[in-house]
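Written out below as structure tokens is the structure these notes cover.
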Amino acid sequence: MQEMEINKKGSNSDESLTCSQEDNENVIRTGTTWTSVAHIITAVIGAGVLSLAWSIAQLGWIAGPALMILFAIVTCISSFMLSDCYRSPDPVTGRRNHTYMSAVRINLGKKQVWICGLIQYATLYGMGIAYTVTTSTSMRAIQRSNCFHREGHQAACTYGDSFYMLAFGLIQIICSQIPDFHNMSWLSTVAAIMSFSYSTIGFGLGVAKVIENGKAYGTIEGVPSSQKVWKVSQALGDIAFAYPYSMILLEVEDTIRSPPPENRTMKKASAAAIAITTFFYLCCGCFGYAAFGNATPGNLLTGFGFYEPYWLIDFANACIVVHLIGGYQVYSQPVFAFIEKCLSSKYPNQGFITKFYTIKIPCLPPYRTNLFRICFRTAYVASTTGIAMLFPYFNEVLGVLGALNFWPLTIYFPVQMYFVQKKVRRWSQTWVLMQSFSVVCLFISLFSLVGSIEGLISEKLS
């Protein structure tokens, strides 16, 4: 088991306490390029892919695909910089940084780590909310699809979300008892297969609809609207949500065996995963827009532009549900690990936190857990479910989370750590170029955040 320590960086006061993980070579790491690709695809191709046709519809035929490719390039650059931060100070032989926060603490110091931690774990928590909203929408879509098939396409077939959100929450309470990332490669593999399945179905249905229509809909400028600026900003937020996975990159890299060096394997995995996701994103987004034009739904597989074959739409939405069960865990496990290891270090004599019990389950290996793990993880899932029930707005929630995550975690911190790792001098050509890159991305994030919050408030008030 990886141990924790209390870091007292800078002054000798206790105010700078942060939790970090020691480099423990007793941990057996078995991850490869392809298991890492599976983890990344599980995290990336999720709720975001379903909103991309709507995003392209708001941006138009030129700006939409161009911005998707641009976000892919930015994500690739960021992931390469972050991969080198797994070990410090040397990216190959240095000490391991098991988490994003550990890397920030070692490279940038205690002041930055508190800001980073607040943003990172708030965003990870938000991902749980987004995945709860998306999964309930897909569960409801299966019921609506069957209703439309029985009653006709003009039938009301109106159902609420609450029951499905509660069902998803119950499933996550059970899945959340998985000890850590090292025990869930199988879940990521299954979830990655599901993501390929529903992405391919969405792509295929879009192609079939275009063939049925006999032409591709859509315009250069996108959907005309009196709220065009807000819609464009929400579209940027949705695209920003769809790509980055910086929050979990180092946790994934921490599962990789070496040699070869972990950063080399992670860069290969990142390049492959981003190429695969970009292909599927462009296929689903562009053909979805071509199929429906200005009437493109906010969620490609649940907005009911497609009615038949109903069984295929049911299967696609079932794949989404299975995938997001795994995706929820990919984003939640880092939060669980941080809180539990931090508190076990701070309160080593509290039996409620540190005393483990072995539970024997028929046909399964013995399972070790403690009371705090059960209570904390259950409360965590319950809270994400409750908030999702208050704000069940798919595109707006994704836009807010994408904007919050994109600049600070995908751009700012990786750039600043790159300066430290590579010893880049202030006002050198590289420094000016990377800082300019960071500032441009900041303005994009702010623009997306304002528009997405406006959309969220408007939906709630309406």
Side-chain angles (χ1 to χ4, degrees), residues 45-55 57 129-172 191 194-195 197-210 212-213 217 223 238 284-285 287-325 327-328 384-385 387-398 455-456 459-460 462:
I45 302 184
V49 68
L50 305 173
S51 68
L52 292 178
W54 180 87
S55 298
I129 298 170
Y131 277 23
T132 303
V133 172
T134 308
T135 305
S136 68
T137 303
S138 292
M139 288 177 170
R140 183 183 61 178
I142 294 173
Q143 188 174 13
R144 293 187 68 198
S145 175
N146 293 332
C147 174
F148 286 132
H149 180 71
R150 293 191 310 268
E151 308 294 336
H153 298 173
Q154 304 305 317
C157 295
T158 302
Y159 305 98
D161 290 314
S162 298
F163 172 79
Y164 299 108
M165 290 185 183
L166 291 172
F168 181 72
L170 180 61
I171 293 170
Q172 288 304 333
M194 295 297 101
S195 70
S197 298
Y198 70 73
S199 297
T200 302
I201 291 170
F203 167 51
L205 289 172
V207 172
K209 188 70 173 179
V210 171
E212 178 186 329
N213 294 338
Y217 291 111
V223 178
D238 284 358
C284 292
F287 276 97
Y289 181 39
F292 299 108
N294 292 347
T296 301
N299 185 322
L300 187 61
L301 289 175
T302 66
F304 284 92
F306 302 116
Y307 289 95
E308 301 291 344
Y310 80 98
W311 58 268
L312 187 60
I313 297 166
D314 287 354
F315 177 72
N317 280 293
C319 288
I320 293 171
V321 172
V322 174
H323 173 225
L324 296 190
I325 289 173
Y328 185 103
T384 60
T385 303
I387 294 174
M389 293 172 70
L390 288 175
F391 297 97
Y393 311 119
F394 177 73
N395 292 94
E396 292 77 14
V397 169
L398 265 58
L456 192 65
E459 286 289 336
K460 187 64 177 177
S462 65

Taking C-beta and beyond as the side chain, do [X] and [Y] meet within less than 4.5 Å on heavy atoms?
| X | Y | value |
| --- | --- | --- |
| I320 | N317 | yes |
| V397 | L456 | yes |
| V133 | L398 | no |
| W54 | V223 | no |
| S55 | T296 | no |
| F292 | P297 | yes |

What's the spacing between [X] [atom1] and [Y] [atom2] if we round to 0.5 Å?
| X | Y | atom1 | atom2 | result |
| --- | --- | --- | --- | --- |
| M389 | T384 | CE | OG1 | 11.5 Å |
| M139 | L324 | CE | CG | 9.5 Å |
| F168 | T385 | CZ | OG1 | 7.5 Å |
| L205 | T200 | CG | OG1 | 11.0 Å |
| N146 | W311 | CG | CH2 | 13.0 Å |
| M165 | Q172 | CE | CD | 13.5 Å |

Could you tell me which non-hydrogen atom of [X] sits nearest to which non-hydrogen atom of [Y], and how far apart they are?
| X | Y | result |
| --- | --- | --- |
| C284 | S199 | SG-O, 3.1 Å |
| A57 | G293 | CB-O, 4.1 Å |
| S197 | F315 | CB-CE2, 4.5 Å |
| G206 | A291 | O-CB, 3.9 Å |

Give me the one residue out of I325, L166, T135, V321 that meets side-chain contact (heavy atoms from CB on, under 4.5 Å) with I171.
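Output: one option passes, namely I325.
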Please check: side-chain N/O of S136 versus main-chain N/O of T132, any donor-acceptor pairing under 3.5 Å?
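It does hold such a pair.
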For F203, check ring pair (Phe, Tyr, Trp, His ring centres under 6.0 Å) against everything at least two apart and list the hits.
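Ring pair (Phe, Tyr, Trp, His ring centres under 6.0 Å) check on F203 returns F287.
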Using the six-membered ring wherever Trp is involved, compare the ring planes of H149 and Y310 and label them parallel, tilted or perpendicular (cut-offs 30° and 60°).
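Parallel: the ring planes of H149 and Y310 meet at under 30°.
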List the steps, then state whether side chain to side chain donor-acceptor pair (under 3.5 Å) holds for S138 with Y198.
CA-CA 11 Å; S138 292; Y198 70 73; over 6 Å; no
Between F391 and I129, does a side-chain contact (heavy atoms from CB on, under 4.5 Å) hold up when you go through it step by step?
CA-CA 9 Å; F391 297 97; I129 298 170; over 6 Å; no
